[in-house]
Amino acid sequence: MTSSALEGPVSHSVVPGAVSAGRVVRRRWEASAFALAFASPVLRRLLPAFAVSAAGDGMSAVGVAWLALRIAPPGDGGLMVGAAVAAYTLPGAAGAVLLARWLRGLGGRHLVAADAALRAVALGVIPLLYACGALGAGSYVALLAASSLLHAWGLSGQYTLVAEHLPPQSRTAGNALLSGFGMASLVLGPLLAGLAVTAWAALPVTADAASFAVLAVVAATTRSHPRTAEPPDAGEPGRGRGLAVIARNPALAGLLALTVAYFFLYGPVEVALPLYVTGPLHGSAGLLGLFWTVFGIGATAGAIATGLARRLPLWPVLVAAVIGWGAALAPLGLLRLPVPALACFAAGGLLYAPYPALSATLFQQESPPQMLSQVLAARGALTVLAAPLGTALGGPLTGWIGPQHTLLACGAASVATGLAAAAIMTARHRTTLRDRGK
């Protein structure tokens, strides 16, 4: 038998199989929730830009603090880093309230463009001043604060876009993509920033500014026709404000309270984890980076799984995410070996990930469509504050009871919060059933 005779049957049997497998993969992709999200022309154009800006923002996690150390007066490094990190996040809460009068009538795309443009300009000035030797501590903090002023509105715009351009059954996938970009940036951003600062201390901030410039241009030039086109509410003064809408809706109020508590209890982890790694685990900065890397990998996998899942029971999964994250975190308060501690933290990322996407889906479902951007901005104003306040508490708490007990306390408090939410949800469900039976 010749070699051609041997090769012939193989080539004819393998190629159709490969083609068939390719068709199966393509059909599964076309039927997936992610494909439905990309089917929207607006989101298909904007989602890659969101991914770019998330990568840039991930670099800022290292870049902002590193540059602060480089320009800090002698002996004030810790104070300068704290001021810079706070300035990069906290003013967004003030902007959500103070700028509502001018921004609440804008659609999702315009909110994204405004936030990205402001960030690109304010952050772009920082490397220019640094290159000229004119960047001082005051100007650095002021520019970071200016860049974050529309942060809550920008996040609101992203999730408003998902609601504007996707049907309800596809919104969880769209939300999961947005949160997944942020989770993936925890893996790639610090790594890229660590390489960038070796070339130039201001390079990560420069890359962050460039990533927002890309998003600003894409958002400003995209033409959109939202599925929801209800006119803004023109009722009595204050009726259209996001917090007022939340206060009138028990489901939104309960979800916001749960979210604030969840993020607040996460805050002390950022303080306790470095001390846990360098103390009980006797590790280095490399081990600390590995903790955040495995957390990011787990969270990215969780975000993808959330987007692929269909018809999730939103409230039960949200409560399970809170309990699961706490249950995965609490063992760090007892473990003194790196490998099992890393495994628990990776599992924590996996269980943490569904919460951002599913809570956004619930807000989209429960909010009046014409008020969605305002409701999400109000939510953002409080959630932007929650984690930093928890971080501020983490300092004295860790000094008082130590890093391991802090991690154990945060994990146990998260579990207790989730169980309390489950009890309230069960009680309301029983009340509803009893009322229907009357």
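Quick note: numbers below take in every heavy atom, side chains included, and nothing from hydrogens, waters or symmetry partners.
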Between [X] and [Y], is any pair of side-chain heavy atoms under 4.5 Å apart?
| X | Y | value |
| --- | --- | --- |
| Leu215 | Asp115 | no |
| Leu118 | Phe212 | no |
| Leu273 | Leu332 | yes |
| Leu123 | Tyr88 | yes |
| His165 | Val162 | no |
| Ser148 | Arg119 | yes |
| Ser373 | Leu111 | yes |
| Leu385 | Thr89 | no |

Among residues at least two apart in sequence or on other chains, which ones pass side chain to side chain donor-acceptor pair (under 3.5 Å) with [X]?
| X | result |
| --- | --- |
| Gln158 | none |
| Tyr355 | Thr259 |
| Thr361 | Thr172, Asn175 |

Any donor-acceptor pair under 3.5 Å linking the side chain of [X] with the backbone of [Y]?
| X | Y | answer |
| --- | --- | --- |
| Gln364 | Tyr159 | yes |
| Ser156 | Ala152 | no |
| His110 | Leu106 | no |
| Trp153 | Gly95 | yes |
| Arg109 | Ala220 | yes |

Between atom [atom1] of [X] and atom [atom2] of [Y], what is the distance when rounded to the nearest 0.5 Å?
| X | Y | atom1 | atom2 | value |
| --- | --- | --- | --- | --- |
| Leu362 | Arg171 | CG | CZ | 12.0 Å |
| Tyr276 | Leu281 | OH | CG | 4.0 Å |
| Thr406 | Leu397 | OG1 | CG | 4.0 Å |
| Met183 | Thr306 | CE | OG1 | 9.0 Å |
| Phe263 | Thr383 | CZ | OG1 | 6.0 Å |
| Ser179 | Leu358 | OG | CG | 8.5 Å |

Legend entry - Proximity of Phe181 and Phe50 rings by center, below 6.0 Å: no
Minimum heavy-atom separation for [X] to [Y], with atom names?
| X | Y | result |
| --- | --- | --- |
| Val294 | Leu342 | CG2-O, 3.8 Å |
| Ala117 | Ala216 | N-CB, 3.6 Å |
| Gly174 | Leu166 | CA-CD1, 4.1 Å |
| Gly124 | Ala209 | N-CB, 3.6 Å |
| Ala299 | Ala353 | O-CB, 3.1 Å |
| Ala93 | Val384 | N-CG1, 4.3 Å |

Say whether [X] and [Y], considering side chains only, have a donor N or O and an acceptor N or O under 3.5 Å apart.
| X | Y | result |
| --- | --- | --- |
| Gln404 | Arg336 | yes |
| Arg379 | Ser359 | yes |
| Thr221 | Arg45 | yes |

Inset, instruction - Measure up the Trp325 and Tyr352 rings against each other and bin them: parallel (under 30°), tilted (30 to 60°), perpendicular (over 60°). - result: perpendicular
Legend entry - Aromatic ring pairing Phe291/Phe345, orientation class (parallel under 30°, perpendicular over 60°, tilted between): perpendicular
Inset, instruction - Test side chain to side chain contact (heavy atoms under 4.5 Å, CB included) on Leu252 and Leu256 and set out the steps. - result: CA-CA 6 Å; Leu252 289 180; Leu256 181 58; over 6 Å; no
Inset, instruction - Would you check, one step at a time, whether the test side chain to side chain contact (heavy atoms under 4.5 Å, CB included) holds for Phe295 with Val187? - result: CA-CA 8 Å; Phe295 177 88; Val187 181; over 6 Å; no
With sequence neighbours excluded, residues passing side chain to side chain contact (heavy atoms under 4.5 Å, CB included) with [X]:
| X | answer |
| --- | --- |
| Pro340 | Leu335, Leu337 |
| Val121 | none |
| Ala68 | Met80, Val81, Ala84, Tyr140 |

Legend entry - Steps toward side chain to side chain contact (heavy atoms under 4.5 Å, CB included) verdict (Leu150, Leu99): CA-CA 8 Å; Leu150 299 181; Leu99 302 178; 3.3 Å; yes
Inset, instruction - List the steps and the verdict of side chain to side chain contact (heavy atoms under 4.5 Å, CB included) for Leu47 and Leu178. - result: CA-CA 8 Å; Leu47 284 171; Leu178 293 178; 4.1 Å; yes
Inset, instruction - Decide if atom CH2 of Trp66 counts as having more than 12 heavy atoms of other residues, nucleotides or ligands within a radius under 6.0 Å. - result: no
